[in-house]
Amino acid sequence: MCGIIGYTGHRPAVPLVVEGLRRLEYRGYDSSGVCFAQNNELRVVRAEGKLRLLEDKLAVMEHSLATTAMGHTRWATHGAPTEDNAHPHRSSKGDLCLVHNGIIENYQECKSSLIAKGFRFSSETDTEVLVNCVADERAPGGSLLEAFARALRKAIGAYAVALISPEEPDTVYAARHSAPLLLGVGAGENFVASDIPAFLPYTRDVVFLKDGEIVRITPSSWEVFSLEDLRPIAKQPRRIEWDLQSAQKGGFRHFMLKEIYEQPRAVTDCAAGRVDAALLDARVPELDALPFPGRLRIVACGTSFHAGLWAMPLIESWAGIPTAVEIASEFRYRDPLLTPDELVLVISQSGETADTLAALRIARHKGCRVLGLCNALGSSIAREADVVIYTQAGPEISVASTKAMSSQMIVLLLMALHWGKAGGALPGETLRQAVTGISTLPSLLESALPGIQAEARTFAARYSSCDGMFFLGRGQCYPLALEGALKVKELSYIHAEGYAAGEMKHGPIALIEPAFPSFFLAPHDELFPKTKSNLEEVQARRGPVIALTNPPRPGMELRADDIWILPEAWGPLEAFLLLPALQLFSYEAATYLGKDVDQPRNLAKSVTVE
Ligand code: F6R
């Protein structure tokens with residue numbers, strides 16, 4: 001959701017900033033822009049649509065002498081995705097330029113008072129209000145840092161911002177509050193950006209910024225201050241070990257496909273240090289820092305919510321901990337009743353999702369301990385949780401979450417085992433089967449993926465012309481059905497519903513007719529006979545059925561229009577084969593229909609607005 005990069009150094013800044021924006025494209029955007037300092041003047045270039053259109057404009061401009069610049073990809077919130085609303089925005093007095101990710105909630109009232117003072121506006125954005133606020137705060141000859149801080153103290157809402165002034169053409173100012181922003185420390189050059197890949201070709205030394213911090217970078221210096229009183233804050237850069245290669249496509253046509261194929265690795269990496277195959281044991285060391293929970297409340301959004309829903313029965317049955325799972329955007333606005341012994345588990349790949357972050361803060365405010373399950377190192381949720389568990393899945397670039405979900409599910413399963421052992425509720429045999437299964441899962445998955453993709457391609461060609469479809473399952477297959485439908489919607493724009501198979505007869509079955517296919521998740525588990533009955537109810541109403549099931553065995557026969565055979569895994573581990581099948585179906589449907597797989601319309605990777 002909006003990408004920011006700011007650079008000051010010794011290289012031509014404009015191509016560097018555009019390249020950085022390209023590596024932030026995954027966040028989702030609908031317009032872009034850059035601002036660069038040349039001959040003590042700031043030039044702003046902006047374009048609606050994809051970065052290529054911005055590059056076309058830059059190609060006919062002279063900017064080779066600019067060594068300070070900032071760039072922005074905008075995901076529209078206030079005002080349509082037009083060139084006028086694209087960032088950077090320039091103040092109507094003082095010629096300051098600013099880029100912004102987030103929402104300034106009190107921008108209307110600020111705008112009215114600025115208009116009364118003679119400021120003019122050419123966009124509908126809250127960002128243009130903010131840059132004019134900075135200009136307004138600036139006394140003649142006064143410090144820009146102080147004016148910037150004063151304006152930000154008045155801003156209510158969420159922001160990551162970067163600012164340049166023609167008077168200090170080799171300085172970039174930046175600040176964050178509830179939106180991601182990092183500092184990249186180079187040799188004779190420094191960076192600010194929304195995410196690490198933006199500057200990773202130039203430096204691996206990263207300073208993670210906290211809310212309420214403001215930074216000033218020049219080619220030879222970087223300083224961090226408290227927004228509250230501008231007191232300097234000492235920070236240490238951290239070295240990032242992963243390289244750009246792991247954030248690039250590596251021969252795959254799309255990031256999403258690469259990330260689906262990375263799931264065996266993600267499972268291995270997640271299990272590392274947590275599963276001991278030789279001793280047939282598993283534990284999650286991070287949980288030692290927390291008391292055994294009396295109850296567990298899982299809060300998350302989208303795919304991460306589905307991972308939580310999938311894990312809930314495992315935690316209840318293996319660990320005996322009563323568990324509820326909630327959508328963060330609902331939880332945060334309903335004054336939830338939390339008991340003091342309740343642990344709140346927030347799940348977020350990005351660690352920046354605004355609703356999940358708000359849920360975390362509410363839980364902490366109510367005196368609960370919060371455990372974060374995140375993928376992005378140093379993210380807001382990772383920092384604000386009492387304890388964080390990292391999924392260790394590596395950077396996920398495609399907007400649609402894939403390997404992050406399987407890594408969340410592995411960690412959640414291990415947590416259920418850990419608490420199950422700690423509370424004494426877990427049968428030893430379950431632990432042994434789970435550990436053996438997890439140890440062999442990566443190779444099983446690795447060998448199965450190409451075949452699953454081939455099937456997915458066939459079914460995508462057969463069913464992508466439908467106007468709608470169902471994904472149906474029971475037990476652990478119900479959250480997977482929700483996830484299958486979410487993925488089809490977001491990637492191929494086909495309307496899809498995920499439903500609990502047993503709930504169909506309470507209304508949705510009315511939709512069934514020959515042009516409305518249903519994907520039944522029907523592995524050979526204890527609910528197979530029940531799922532089979534639901535499948536037959538759909539067939540009786542002449543609805544086409546695609547059954548995702550295991551190799552045939554006596555007593556587990558199925559009749560369907562299409563049978564999609566997946567390898568059989570132990571108990572809950574079957575989910576790790578069903579999930580990529582659903583992901584690959586949505587991937588293939590989207591490519592079949594010519595959709596933008598890695599950046600579906602209207603979506604952003606990290607949803608930093610509520
Ligand atoms: C769907 C998807 C989203 C995210 C959701 C939460 O493919 O990616 O539904 O799962 O926006 O994001 P995180 O996990 O970053 O909090």
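Since we're looking at a predicted model, the values are computed, not measured. All ligand and atom numbering here is 1-based and tracks the order in the structure. Values reported hereafter were calculated over all heavy atoms of this structure, with side chains retained and with hydrogens, waters and symmetry mates removed.
Protein heavy atom at the shortest distance from atom 4 (C) of ligand 1 is Thr303 N, 4.0 Å. Among all non-hydrogen protein atoms, the one lying nearest atom 5 (C) of ligand 1 is Cys301 O, 3.8 Å. Given atom 15 (O) of ligand 1, the protein heavy atom at minimum distance is Ser350 OG, 2.6 Å. Here the heavy atom of the protein found nearest to atom 11 (O) of ligand 1 is Val607 CG2, 3.9 Å. For atom 12 (O) of ligand 1, the closest heavy atom belonging to the protein is Thr353 OG1, 3.5 Å.
Listed by number with element, the atoms of ligand 1 under 4.0 angstrom from any heavy atom of Ser348 are 13 (P), 14 (O), 15 (O), 16 (O). Remark: ligand 1 atoms within the under-4.0 Å shell around heavy atoms of Ala400 are 7 (O). Annotation for ligand 1: atoms under 4.0 Å from non-hydrogen atoms of Val399 are 8 (O). Here is the list of ligand 1 atoms found below 4.0 Å of a heavy atom in Ser304: 10 (O), 13 (P), 14 (O).
No side-chain donor-acceptor contact under 3.5 Å links Thr402 and Gln583. Counted by atom type alone, Tyr29 and Glu25 present one or more donor-acceptor pairs between their side chains at under 3.5 Å.
Screening Lys487, His306, Glu483 for a side-chain contact (heavy atoms from CB on, under 4.5 Å) with Leu579, the sole residue that qualifies is Glu483.
For the pair Arg601 and Tyr493, the cation-pi criterion (under 6.0 Å, within 45° of the ring axis) is fulfilled.
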N/O donor to acceptor pairs below 3.5 angstrom from side-chain atoms of residues 448-461, sequence neighbours left out:
residue	atom	partner	partner atom	Å
Gln453	OE1	Tyr261	OH	2.7
Gln453	NE2	Glu588	OE2	2.8
Thr458	OG1	Ala454	O	3.1

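At under 3.5 Å, not a single nitrogen or oxygen of Thr356, backbone or side chain, sits near a nitrogen or oxygen of ligand 1. Residue Gln349 has at least one N or O atom closer than 3.5 Å to an N or O atom of ligand 1. In terms of polar-atom proximity, Glu483 is not counted as a contact of ligand 1, lacking any N or O under 3.5 Å from an N or O of the ligand.
Ion pairing between Lys403 and Glu259 fails under the 4.0 Å rule for side-chain N and carboxylate O. For Arg176 and Glu213, the salt-bridge test fails: no basic side-chain N is under 4.0 Å from an acidic carboxylate O.
The part of Lys487 lying near ligand 1 is the side chain, judged by heavy-atom distances below 4.0 Å. If you look at Glu490 next to ligand 1, the close heavy atoms, those under 4.0 Å, all belong to the side chain.
Ring-plane geometry between Phe471 and Phe519 is classed as parallel, the angle between the planes falling under 30 degrees on a 0 to 90 degree scale with a further cut at 60.
Residues forming a side-chain hydrogen bond (donor to acceptor under 3.5 Å, both in side chains) with Arg52 (at least two apart in sequence, or on another chain): none.
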